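These figures come from a predicted structure and were not determined experimentally.
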Amino acid sequence: MSADAVTFEFVRTTREFFPQLQRWLREPHVARFWNHDTADADIERDFGGSVDGTEPCEDFLVLRDGLPFGFIQRYRIADYPEDLALLTALVEIPPGSISIDYYVGDPQHTGHGLGTAMISAFVAKCRADLPDATAIVVPVVVPNRASWRALEKAGFRRVGEGYLPPDNPIDDGAHYISRLDLDEGRPIQPESPAR
């Protein structure tokens, strides 16, 4: 089956999914760029707020053919003022912009275009769910070639680069910043007839 024919389901994360996230975050290909503490308390600290609605982001377990495949989250950049300030110093951030973070969980699913397909499907979901969102702006550390290439293949364009604090201290902080304008590809709403 080609990556173009794959369909994904995005299920809001609940605590029952935490062991799955924990396993994936320990996978070397995920750990390299997420650099996440994975003790039970760390998973609760970093993902519990989305479940409870106390953190202004939405986390999703990604299913492919009904089976856990990956993770993706979205958030409005303006809800994180420090991130907004850092990004605005490098590129234009249109009002209403969101950002996403993501990974493919199991290494056997990497390198086949499925990450790109997942991102494309999630962009369509964002267009449908968030009609007031204007753009998706995503910083990716330069060594994570698979991630920024997946964004490019999903229709994002590189709009800048520069230093942002890295998730993993082995990186120097050089990031590429990619953007996809959500108005592109959104159906045009007919104007109301004049009275």
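The cluster map of Ile, Leu, Val, Met, Phe, Trp and Tyr, joined by side-chain heavy atoms under 4.5 Å apart, puts Leu25 and Val11 in the same cluster. Follow the hydrophobic side-chain contacts under 4.5 Å out from Val51 and you reach Trp24 in the same cluster. Linking ILVMFWY residues whenever their side-chain heavy atoms come closer than 4.5 Å, directly or via other members, leaves Ile77 and Ile119 in distinct clusters. A continuous path of Ile, Leu, Val, Met, Phe, Trp and Tyr side chains, each step under 4.5 Å between heavy atoms, connects Leu182 with Phe60, placing both in one hydrophobic cluster.
The shortest side-chain heavy-atom distance between Ile100 and Ile136 falls under the 4.5 Å cut-off. Within the 4.5 Å cutoff, side-chain heavy atoms of Phe18 are placed close to those of Thr13. Asp65 places none of its side-chain heavy atoms less than 4.5 Å from the side chain of Leu63. With a 4.5 Å cut-off on side-chain heavy atoms, Tyr102 and Ser147 count as touching. Looking at Phe71 and Leu21, their side chains come closer than 4.5 Å, going by heavy atoms from C-beta outward. By the 4.5 Å heavy-atom criterion applied to side chains, Met118 and Leu114 are not counted as neighbours. Taking the side chain as every heavy atom from C-beta outward, Glu161 and Leu90 never approach each other to under 4.5 Å. Residues Arg23 and Val30 have side chains not in contact (no heavy-atom distance under 4.5 Å, counting atoms from C-beta outward).
Using a 4.0 Å cut-off between a side-chain N of Lys or Arg and a carboxylate O of Asp or Glu, Arg32 and Asp171 qualify as a salt bridge. Electrostatic pairing of Arg76 and Asp132 counts as a salt bridge here, judged by a charged N lying under 4.0 Å from a carboxylate O. Of the charged side-chain nitrogens involved, at least one lies within less than 4.0 Å of a carboxylate oxygen, so that Arg74 and Asp129 count as a salt-bridged pair. Look at Arg157 and Glu152 and you find no salt bridge, because none of the NZ, NE, NH1 or NH2 atoms lies under 4.0 Å from a carboxylate O. A salt bridge links Glu44 with Arg15: the distance from a Lys NZ or Arg NE/NH1/NH2 to an Asp or Glu carboxylate oxygen falls below 4.0 Å.
Note that the CD atom of Glu55 and the CZ atom of Arg45 stand 11.5 Å from one another [nearest 0.5 Å]. A distance of 9.5 Å separates OH of Tyr176 from CZ of Arg145, quoted to the nearest 0.5 Å. Here the CD1 atom belonging to Ile72 is positioned 4.5 Å from the CZ atom belonging to Phe122, to the nearest 0.5 angstrom. Between atom CH2 of residue Trp34 and atom CD of residue Glu27 there is a gap of 14.5 Å, rounded to the nearest 0.5 Å. Taking CG of Leu87 as the start and CD of Glu92 as the end, the distance is 12.5 Å to the nearest 0.5 Å.
Of all heavy-atom pairs between Ile98 and Cys126, the closest is CD1-SG, 3.8 Å. Across all their heavy atoms, Asn168 and Ala31 have their closest contact at ND2-O, 4.3 Å. Smallest separation of non-hydrogen atoms from Ala150 and Thr116: CA-OG1, 3.3 Å. Nearest approach of Asn35 to Asp167, heavy atoms of both residues: ND2-O, 2.9 Å.
For the pair Ser97 (side chain) and Pro94 (backbone), a donor-acceptor distance under 3.5 Å is present. Under a 3.5 Å cut-off, the side chain of Asp172 and the backbone N or O of Ala174 do form a donor-acceptor pair. At least one donor-acceptor pair under 3.5 Å links the side chain of Trp148 to the backbone N or O of Val142. Using a distance-only test at 3.5 Å, with no hydrogens or angles considered, no donor-acceptor pair links the side chain of His175 to the main chain of Pro166. With hydrogens and angles disregarded, a donor-acceptor distance shorter than 3.5 Å links the side chain of Thr110 to the backbone of Pro107.
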(message) Using the rule given for side chain to side chain donor-acceptor pair (under 3.5 Å), can you reason through Asp40 versus Gln22, listing the C-alpha separation, both sets of side-chain angles and the distance that settles it, and then say yes or no?
(response) CA-CA 8 Å; Asp40 291 349; Gln22 192 174 43; 2.8 Å; yes

(request) Might you work through the side chain to side chain donor-acceptor pair (under 3.5 Å) test for Arg26 and Thr38, ending with a clear yes or no? (result) CA-CA 7 Å; Arg26 291 175 177 163; Thr38 59; 3.0 Å; yes

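Under the side chain to side chain contact (heavy atoms under 4.5 Å, CB included) rule, Val138 has a single partner from Asp101, Ile177, Leu151, which is Leu151.
Using cut-offs of 30° and 60° on the angle between ring planes, the pair Phe69 and Phe8 is tilted. Note: His36 and Phe47 have parallel aromatic rings, judged against thresholds of 30 and 60 degrees for the angle between ring planes.
No hydrogens or angles considered: nothing links the side chains of Ser99 and Tyr80 as a donor-acceptor pair under 3.5 Å.
At least one test fails for Arg179 against the ring of Phe156: distance under 6.0 Å to the centre or angle within 45° of the axis.
Applying the 6.0 Å contact sphere to CD of Glu82 captures no more than 12 heavy atoms from other residues, nucleotides or ligands.
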